[in-house]
Every structure is written in structure tokens, then in C-alpha cells.
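What follows is a short report on a single structure.
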There are 2 protein chains.
Amino acid sequence: MSEALDAPALPAPVPRRILVVDDDPTVAEVVSGYLQRAGYAVDRAVDGRAALERAAALHPDLVVLDLMLPEIDGLEVCRRLRAEPLSQAVPIVMLTAKGDEHDRILGLELGADDYVTKPFSPRELVLRIQSVLRRSAGAAAPAAAVDEGPFTAGDLRVDPTARRAWRGARELTLTLREFDLLAFLLGHPGTAFGRDELMRRVWGWDFGDLSTVTVHVRRLREKIEDDPAAPRLITTVWGVGYRFDPSDAPGRAAETAVPHA
Amino acid sequence: MSEALDAPALPAPVPRRILVVDDDPTVAEVVSGYLQRAGYAVDRAVDGRAALERAAALHPDLVVLDLMLPEIDGLEVCRRLRAEPLSQAVPIVMLTAKGDEHDRILGLELGADDYVTKPFSPRELVLRIQSVLRRSAGAAAPAAAVDEGPFTAGDLRVDPTARRAWRGARELTLTLREFDLLAFLLGHPGTAFGRDELMRRVWGWDFGDLSTVTVHVRRLREKIEDDPAAPRLITTVWGVGYRFDPSDAPGRAAETAVPHA
DNA sequence: AGGAGGACGTTCTCGTTCCGTAAGGTGCCG
DNA sequence: CGGCACCTTACGGAACGAGAACGTCCTCCT
């Protein structure tokens with residue numbers, strides 16, 4: 001998803017196309033639903049042959065590939081995708097049976113970018129996919145060079161491409177979520193966001209426990225605020241959510257009261 | 001869940017029809033009551049079959065759906081609603097048993113828009129429903145341009161996106177309700193509103209003690225008026241309600257004759 | 001492999017803030 | 001002068017956010 005990173009400048013990131021390949025209708029249904037919900041355009045194929053056709057026709061941004069397939073199995077699909085120049089670079093996430101270590105390793109060798117073992121939680125799958133997309137976007141960002149160069153607010157600096165952040169001269173050690181959260185807020189200075197909206201735009205979920213956001217804001221404050229107990233950068237808006245306040249020039253604030261009357 | 005009451009300046013919402021599907025009369029009764037008091041028209045169904053019939057007949061704006069149902073269970077109802085073009089887009093809020101993660105996920109896959117775990121607080125359910133309605137309404141109306149730039153009247157300034165307000169150069173510390181109230185009034189300068197109308201447009205309720213409005217107007221005056229005892233910004237219109245008076249040009253706008261002798 | 005460490009999501013408790021309502025007071029109108 | 005509408009104040013409860021701690025999963029290192 002990197003939606004969290006694209007969002008600052010790109011209001012509506014181009015919806016990514018994902019091809020889901022699975023012969024089990026239930027699994028395909030569940031996965032498709034989750035991905036659509038996360039904002040992706042989903043196409044489906046039920047066997048290896050169809051998968052290759054769809055991939056050639058659609059040029060998806062990512063392929064979710066079940067290993068056990070009729071006609072042509074997942075490993076073979078993977079191999080052929082990698083052989084074809086047009087689909088050579090497409091990220092592949094494999095679905096493998098639990099403990100099927102051998103196929104998994106083989107899949108990785110054939111060029112799969114990640115794997116998820118069945119039974120899997122759809123949530124986890126989405127996370128993996130987002131992670132893979134982020135990685136590959138970072139690796140091959142030729143046309144997508146629209147990606148923000150490092151941007152700044154106050155004495156905070158964030159480099160989305162490098163995934164690094166600084167406070168003044170000191171580099172911050174942020175986790176993945178913390179970084180995404182900070183990057184998003186920095187990209188929308190002065191705007192208040194509800195927890196639910198942060199959940200959607202940073203986490204990419206429509207649901208989930210909103211206290212998760214609270215906790216991560218707390219952890220982030222711990223790392224970037226001078227006094228986490230009295231946050232000046234990430235302000236709490238009571239009953240609403242949070243807001244990043246760019247207090248660029250300390251001492252220049254306009255406390256000039258207009259002595260009306 | 002707190003976001004439901006955030007809409008400060010939305011025009012009066014069209015009364016929405018909600019279909020409540022639950023086989024437990026007590027639950028259905030309680031939920032219906034709360035929803036009706038929140039201003040929704042409520043229809044009820046006790047099993048899956050009836051639910052589908054009612055949905056087809058009424059085209060409700062939202063469906064509250066219990067998972068455990070006689071005849072046809074909630075998941076199946078959900079599936080069929082989604083299969084039917086006419087009901088394909090209707091938002092669905094599911095009621096699931098606590099910790100029934102599997103059904104919950106499956107429900108979301110089948111197209112539910114949110115879920116609430118039993119036992120739930122009716123209040124929370126109403127908030128979720130409002131949230132879902134707002135989301136789907138927003139999705140359907142892309143050019144809504146809800147984003148108000150910060151706007152001004154006199155020396156008052158309100159920034160809805162940042163949720164901040166200033167009087168002259170001094171920033172005001174407003175609570176959620178106070179802010180919404182001020183934002184609404186600022187957005188309709190010179191217009192008098194009855195307490196009941198403010199209740200509906202600021203609070204979003206069709207019921208409730210109107211003195212609540214009185215008290216909040218008082219608290220707001222306390223923060224923005226030079227002399228809360230002789231309010232110049234938020235004027236009382238006797239027998240009607242309140243009105244915001246933009247006294248832009250000092251010395252010019254004194255058409256409000258001071259009655260006092 | 002096995003174990004240590006970190007990241008993340010969840011849950012619980014606690015203190016604070018906010019909000020709605022009730023009750024009595026005051027001013028406006030007939 | 002009586003009645004009504006509005007004002008003012010106070011209070012109890014509920015909602016909210018902060019903080020701390022736990023359990024789980026993943027990753028990395030040995």
C-alpha cells in the first residue's frame with residue numbers, strides 16, 4: 001500500500017491491479033474481497049493456464065498465486081511469468097500449504113517475492129501484499145518517480161524513498177508503522193484526522209481496533225517529541241483524533257493580541 | 001467510535017430507511033428504538049427469508065443483520081443481497097457473537113461494511129451505522145467537495161479541517177460540540193435557527209432536551225464574546241432561537257438597535 | 001534448529017475532560 | 001401581575017485518551 005506515502009501529494013493513488021490465482025472458489029472469494037476492500041482492483045483465474053493468459057492481458061501489479069493448481073501448477077506459472085520479459089518483474093506472492101517447506105523454498109528460488117501459508121488470515125495476506133508492493137515500488141521506481149523526494153516540516157525531515165526520518169540532525173529509529181504514520185501526518189500538516197481515518201489511510205484497513213492508532217501515536221510521540229507528556233508536534237484533538245502541527249519558527253508565533261476595543 | 005457527530009455543517013440529512021434483521025425480539029426492539037430516536041425510519045424482519053423480502057420491497061438505505069438467523073442465516077442473506085443488482089450496494093452492518101472471528105471475517109468478505117460484536121451498546125451501534133452511512137454517501141458523491149477551506153466572519157476564523165478557531169490572533173480552545181456549533185453558525189451568518197433545528201443540524205439528533213443547546217450556546221459565548229452577558233456575535237432571537245451576526249465593519253453594523261433605553 | 005529480541009495489536013486501568021440534565025433565577029411579553 | 005422563554009449554575013455520569021502491560025508473531029542471530 002504505500003498509500004500512506006503516496007497520499008501526501010497524490011490525492012488518489014492509481015488503483016493497483018492484482019491477479020488472484022486459486023482454484024478454490026471460497027479462498028478466491030475471500031482474498032478478492034479483502035483486497036478490493038483495501039482498494040485494489042482484483043482479477044481472478046482458476047488455473048495455471050488462465051493465470052498466464054490473464055497476466056499477459058492485464059499486466060497486473062502483483063500476482064497472488066496458489067501452488068496447487070490444475071493444468072499448470074503454481075511453480076510452473078511462476079517460472080513462466082519470470083521467463084516472459086513483460087511479466088518478469090511482477091511481484092508474486094505465493095500461497096502454500098502449511099509446512100510445505102520444500103515447495104515454499106522452491107517458489108522463492110523461482111522468484112516469488114513472498115509466501116503465505118494456508119490457512120492464512122486474510123489480514124496477514126493483505127499486509128504481506130502491501131509490504132511486497134512497497135518494496136518493489138521502491139526498488140523499481142522509474143516511472144513512478146513522482147514519489148516525494150524527502151520533505152520537511154519544522155525540524156522534522158522524512159525521506160519516504162529511503163524510509164528514513166530525522167529530527168534536526170539526529171536520525172530517528174522508527175518502525176514500519178511509526179514511519180508510515182509520521183510520513184502521513186507530515187504530508188498533511190495542520191489537518192486533523194480521526195482515528196478511523198488514520199486506520200484507513202495509514203494501515204489500509206476499514207476496520208480494526210481504533211486503540212491501535214492511539215498506541216502507535218503514543219509510541220511515535222515517545223520518539224519524536226521533546227516532552228511526550230506535552231506533545232507539540234502531534235496534537236490531540238479531543239473527541240476527534242490527531243493533528244500534526246508544524247511549529248516551524250518557535251518564537252515567531254503571533255501572540256500579538258489585538259486589543260479590540 | 002466518535003466520528004459520528006463530526007458533521008458540523010452538513011445540510012439536513014434525508015431520513016434514511018434502515019432494515020433491522022434479528023430473531024431476538026428484545027434485541028430488535030432495543031435497536032429499533034434507538035434508531036428511530038436517531039431519526040431513522042426502521043423496518044424489521046425476524047428471519048432471513050423475511051429479510052430478503054423486505055429488502056426487495058423497501059430498498060432500505062442500510063441493513064442491520066444478525067448472523068444467527070432461522071431459515072436463512074445472515075451470511076447467506078448477505079450473499080444474496082450482494083448478488084441482487086438492486087441491493088448490491090446497500091451498506092450492511094453485521095451483528096456477530098464476540099470472538100467469532102471466522103464468521104466476522106467471512107461476513108466482511110461477503111460485503112458487510114462493518115460489524116458489531118454482541119453484546120453491544122446500542123449507542124455504539126448507532127454510531128457505527130452513521131459512520132457507515134457517511135462513508136458510503138461520501139463514496140457515492142465524489143464531487144461533494146465537503147472540504148471547507150477555512151472561513152472567516154468578522155474577526156472570527158474557523159478552520160474545519162484543522163478543527164481550530166481563532167478570535168483575532170488568539171486561538172480559541174473549543175470542545176467538540178462548541179466547535180461544531182460555532183462552525184455551523186459561522187457558515188450561516190445572519191440566519192436565525194431554532195433550538196430544535198440546531199439540535200438536528202449540529203447534534204444530528206431529532207430528539208433530546210433542547211436546553212442542551214441553550215447551555216452550549218452559553219458556554220460558547222463565554223469563550224468568544226467580549227461580554228457574555230451582552231452577546232454581540234451570537235444573538236438571541238426571542239421566541240425563535242439564535243443567530244450569528246457578522247459585525248464585520250465596526251461602527252457600521254449597528255443596526256441592531258440596543259433596546260435598552 | 002533454537003533462542004533472544006523487536007514489532008505489533010490487544011486489553012486493562014486510571015485520571016481527565018466533556019456533556020446532558022435538572023433546578024432555580026431573571027428578564028420579556030401579554 | 002402572571003406566565004413563558006431564556007439564562008445561569010451546579011452536578012453526576014459517561015466518554016475519551018494516556019499509560020502500562022501482556023501475548024503473539026516475525027526476524028535475526030547464534
Side-chain angles (χ1 to χ4, degrees), chain A residues 98-99 101 114-117 120-121 123-125 127-128 130-131 173-181 192 194-196 198-199 202-205 207-223 225 227-231 234-243, chain B residues 1-6 37 98-99 101 117 121-124 126-127 173-181 192 194-196 198-199 202-205 207-223 225 227-231 234-243 259-261:
Chain A
K98 177 129 188 167
E101 186 80 15
D114 205 347
Y115 60 89
V116 177
T117 57
F120 56 87
S121 104
R123 226 172 44 183
E124 182 194 350
L125 177 59
L127 286 177
R128 294 290 188 94
Q130 289 172 339
S131 167
T173 310
L174 301 180
T175 70
L176 187 148
R177 287 275 135 83
E178 287 162 3
F179 183 89
D180 285 346
L181 184 56
R195 286 173 176 68
D196 56 346
L198 289 174
M199 198 83 207
V202 176
W203 273 255
W205 306 345
F207 321 104
D209 194 338
L210 297 182
S211 60
T212 294
V213 178
T214 309
V215 173
H216 275 271
V217 166
R218 161 164 163 48
R219 297 206 253 248
L220 183 55
R221 277 173 174 166
E222 202 80 38
K223 294 186 179 179
E225 296 278 1
D227 178 9
I234 301 180
T235 312
T236 300
V237 185
W238 230 91
V240 177
Y242 301 97
R243 178 186 60 217
Chain B
M1 284 287 137
S2 57
E3 322 307 327
L5 306 176
D6 289 355
R37 285 202 293 160
K98 172 128 189 172
E101 179 86 13
T117 57
S121 96
R123 182 179 154 76
E124 183 193 352
V126 171
L127 289 178
T173 309
L174 302 180
T175 70
L176 188 147
R177 288 275 137 84
E178 288 162 3
F179 183 89
D180 286 347
L181 183 56
R195 286 173 177 68
D196 53 348
L198 288 174
M199 199 83 203
V202 177
W203 273 256
W205 303 346
F207 61 101
D209 192 340
L210 295 183
S211 65
T212 293
V213 179
T214 309
V215 173
H216 274 272
V217 167
R218 152 121 185 68
R219 294 205 257 247
L220 183 54
R221 279 173 172 166
E222 197 80 37
K223 294 186 179 179
E225 297 278 1
D227 178 9
I234 300 179
T235 313
T236 300
V237 184
W238 233 88
V240 178
Y242 301 98
R243 177 187 61 216
H260 187 289

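Every heavy atom of this structure was used, including side-chain atoms; hydrogens, water molecules and symmetry mates were not. Proteins come first, then strands; the chains are lettered A, B, ... in the order of their sequence lines, and each starts at number 1.
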Rounded to the nearest angstrom, tell me the gap between atom [atom1] in [X] and atom [atom2] in [N].
X: B/Leu210; N: C/dG20; atom1: CG; atom2: P; value: 12 Å
X: A/Leu181; N: C/dG9; atom1: CG; atom2: C1'; value: 15 Å
X: B/Glu124; N: D/dA14; atom1: CD; atom2: P; value: 16 Å
X: B/Leu220; N: D/dC6; atom1: CG; atom2: P; value: 17 Å
X: B/Arg218; N: C/dT21; atom1: CZ; atom2: P; value: 18 Å

Can you find a heavy atom in the side chain of [X] that is under 4.5 Å from one in the side chain of [Y]?
X: A/Arg177; Y: A/Trp203; answer: yes
X: B/Met199; Y: B/Phe207; answer: no
X: A/Arg219; Y: A/Leu181; answer: no

Are any of [X]'s side-chain N or O atoms less than 4.0 Å away from OP1 or OP2 of [N]?
X: B/Arg195; N: D/dC7; result: yes
X: B/Thr236; N: D/dA5; result: no
X: A/Tyr242; N: D/dC16; result: no
X: A/Arg221; N: D/dA18; result: yes

Between protein and nucleotides 15-19 of chain C, what N or O pairs are separated by less than 3.5 Å?
| from | atom 1 | to | atom 2 | distance (Å) |
| --- | --- | --- | --- | --- |
| C/dC19 | OP1 | B/Thr175 | OG1 | 3.4 |
| C/dC19 | OP1 | B/Arg177 | N | 3.0 |
| C/dC19 | OP2 | B/Thr175 | OG1 | 2.7 |

TODO: Describe the nucleic acid contact of B/Val240 in one word from base, sugar-phosphate, nothing, applying a heavy-atom distance below 4.0 Å.
DONE: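 Since only primed, P, OP1 and OP2 atoms lie under 4.0 Å of B/Val240, the category is sugar-phosphate.
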Open item on the list: Mind checking if A/Ser211 touches a base, just sugar-phosphate, or nothing, with heavy atoms under 4.0 Å?
Closed with: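 Base contact.
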When rounded to the nearest 0.5 angstrom, what is the spacing between [atom1] in [X] and [atom2] in [Y]?
X: B/Arg218; Y: B/Ile234; atom1: CZ; atom2: CD1; value: 12.0 Å
X: B/Leu174; Y: B/Leu220; atom1: CG; atom2: CG; value: 6.5 Å
X: B/Tyr242; Y: B/Thr236; atom1: OH; atom2: OG1; value: 5.0 Å
X: A/His216; Y: A/Asp180; atom1: NE2; atom2: CG; value: 10.5 Å

